[in-house]
Amino acid sequence: MLTIHNNLSKQKETFKPIDPKNVRLYVCGMTVYDMCHIGHARVLVVFDVIYRYLCEIYGKEHVSYIRNITDIDDKIIARANENGEDFNDLTGRFIDEMHRDTAALNVLTPNEEPRATLHMPAIIEMIQTLVAKGYAYAADNGDVYYDVSKFTDYGRLSGKNIEDLRAGERVAVDQAKHDPLDFVLWKAAKVGEPSWDSPWGAGRPGWHIECSAMSTGCLGNHFDIHGGGMDLQFPHHENEIAQSEAATGEKFVNVWMHNGFVRVDEEKMSKSLGNFFTIREVLEKYAAEVLRYFILTSHYRSPLNYSDKHLDNAKAALNTLYTALRGMNLTAEVGLDEAYVARFRQAMDDDFNTSEALAVLFELAKDVNKLRHQDESAATVKAVTLKQLADRLGLLQSDAEAWLQGGGVGDSRAEGLEAAEIETLIEQRNAARAAKDWAESDRIRDLLAEQGIILEDGAGGTSWRRE
RNA sequence: GGCUGGGUGGCAGAGUGGCUAUGCAGCGGCCUGCAAAGCCGUGGACGGCGGUUCGAUUCCGCCCUCAGCCUCCA
């Protein structure tokens, strides 16, 4: 029985899809004007694992996963101007870069990745509906605003009330708004800005409305799960609720999920603070799977502190799992160890407790190591189970030998010895060992160690890996 | 100031009203020519002060402290 922490109720609830056989999931994706950073990686990986698990329960063809792309907003326009290029060229380029990152991280492709600029009619139509219903007004400056005072439930998701928000007075007063809390649905275009025609003149949509229009457009007025980063809870998701429920007259979303932040030195990593690392930067030093594993070590709602040391730790942990799989027949047609499968599912059923799920993987690895020289068929069952469960998390996707010999490092790994050279040296060393020439044997081993190559003499011969 | 979520062993990170998390690192042992890997064993923890309880790291209160949101941000 899957339970999910619903941010709307602030508690864990048993998950029941609106349509018992089909699940509908929407996640707020990227604004594409720059490379994705580790915070983006976390959303991508966290919801990828959630998506995979929902597919496991309901069947892949019964889960609709939508992750939008914001491809028009102030920052995109500003960046395109800085670069002196058309904003479409900019966004197109960074959409490609994002897809390169998601592929590297083994993030599955959603059913759809709707883009704001390709859904203008639906966006404009929703704004028209809001104006017609009295929830929105066109201001003197050509902008259209949502009238927050008209939506009685405003603030429910983020635990705020309108009075407190007003008391905060941190919202800069915009003369065109009736109330500082009102937010923009349609922005009138300034000269030279990209724009679309609308009943209120040329302009572009506000950020929040695109998600209301595209999510309901893709999934229907009322769907199951809506996710995104913690920071989107307010105002973005709050505003989405206000827009969607006012426009459709129906409940918008049953379950709201928000993942925690990535931190650097105990501080939020963000573009505005400038303390961020791009996914690409990390992949130069570490294999993508190390980053993916690192993200899954903590619960999705907890903060995740980023550092090289933690990634080194993640790499070492992955090596342990791969070492257990090395030499095992993973394509053997054997049943799974159902006790472990049950424990894995129990962990995932508990609000996607990936740390607990990973612990199950390590216990399986230990079993494999224990049994491999005693009871090969029993060990194979454990190994196959380990591989299968890891698949469900999108982990252990490499061949174990290839992983260990590759060293779990990223794209620009320091070039070392070729495999053939290493094999030759190992042969020389083994000849020395056969002659009990330990000095020579150790000399070769030390030589290789200097190159980051670690030898392991086993019953079946000498194997090697990169540290 | 308002609201939210945290503070767990050297580090990371789950969890539980009494019973081993797990990983990395450490220590002892087995294995090995010696190592490495693996296995066995082992030490070490629940921010502080009260309260509830037979018993609290786990529930309640207060305090300290950290982070986040209240403004674009995953």
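Heavy-atom basis, side chains included; hydrogens, waters and symmetry copies ignored. Sequence lines set the chain letters: A, B, ... in the order given, protein chains first and strands last, and positions in each chain run from 1. None of the values given here were measured: they were computed from a predicted structure.
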Integer angstrom distance from the P of B:G47 to that of B:G29: 35 Å
Closest-nucleotide ordering on RNA chain B, the 5'-leading residue of A:G458 and A:H299: A:H299
Where protein sits on nucleotides 16-23 of chain B, one letter per nucleotide: B base, S sugar-phosphate only, - none, heavy atoms under 4.0 Å: -----BSB
Check: A:D442 side chain, B:G33 base, donor-acceptor under 3.5 Å: yes
Interatomic distance, A:Y300 OH vs B:G5 P [rounded to whole Å]: 14 Å
Near-ring test A:F277/A:Y306, centroid separation under 6.0 angstrom: yes
Ring centroid separation A:H237 to A:H208 under 6.0 Å: no
base_contact_polar (B:C70 base, A:K160 side chain, donor-acceptor, <3.5 Å): no
Any donor-acceptor N/O pair under 3.5 Å between B:A35 base and A:R445 side chain: yes
Any A:W438 side-chain nitrogen or oxygen under 4.0 Å from OP1 or OP2 of B:A35: no
A:N305 side-chain N/O to B:A12 phosphate OP1/OP2 under 4.0 Å: no
Centroid separation A:F252 to A:F223 less than 6.0 Å: yes
Nucleotide B:A74, atom P - distance to CG of A:L304 in whole Å: 17 Å
Aromatic plane relationship, A:F276 with A:H37 - under 30° parallel, 30 to 60° tilted, over 60° perpendicular: tilted
Interatomic distance where CG belongs to A:D231 and P belongs to B:G5 [whole Å]: 17 Å
Between B:A45 and B:G9 - C1' atom distance, rounded Å: 4 Å
Sugar-phosphate, base or nothing in reach of A:K370, heavy atoms under 4.0 Å: sugar-phosphate
B:G5 phosphate, OP1 or OP2, under 4.0 Å from A:K10 side-chain N/O: no
Sugar-phosphate only, base, or nothing, as touched by A:V46 at under 4.0 Å among non-hydrogen atoms: nothing
Earlier contact from the 5' end, RNA chain B, for A:R42 and A:T297: A:T297
Rounded distance in Å between the C1' positions of B:G50 and B:G41: 40 Å
Protein-nucleotide distance (A:N68, atom CG; B:A74, atom P), rounded to Å: 10 Å
Rounded distance in Å between the P positions of B:C31 and B:C40: 16 Å
Interatomic distance where CG belongs to A:L232 and P belongs to B:C72 [whole Å]: 11 Å
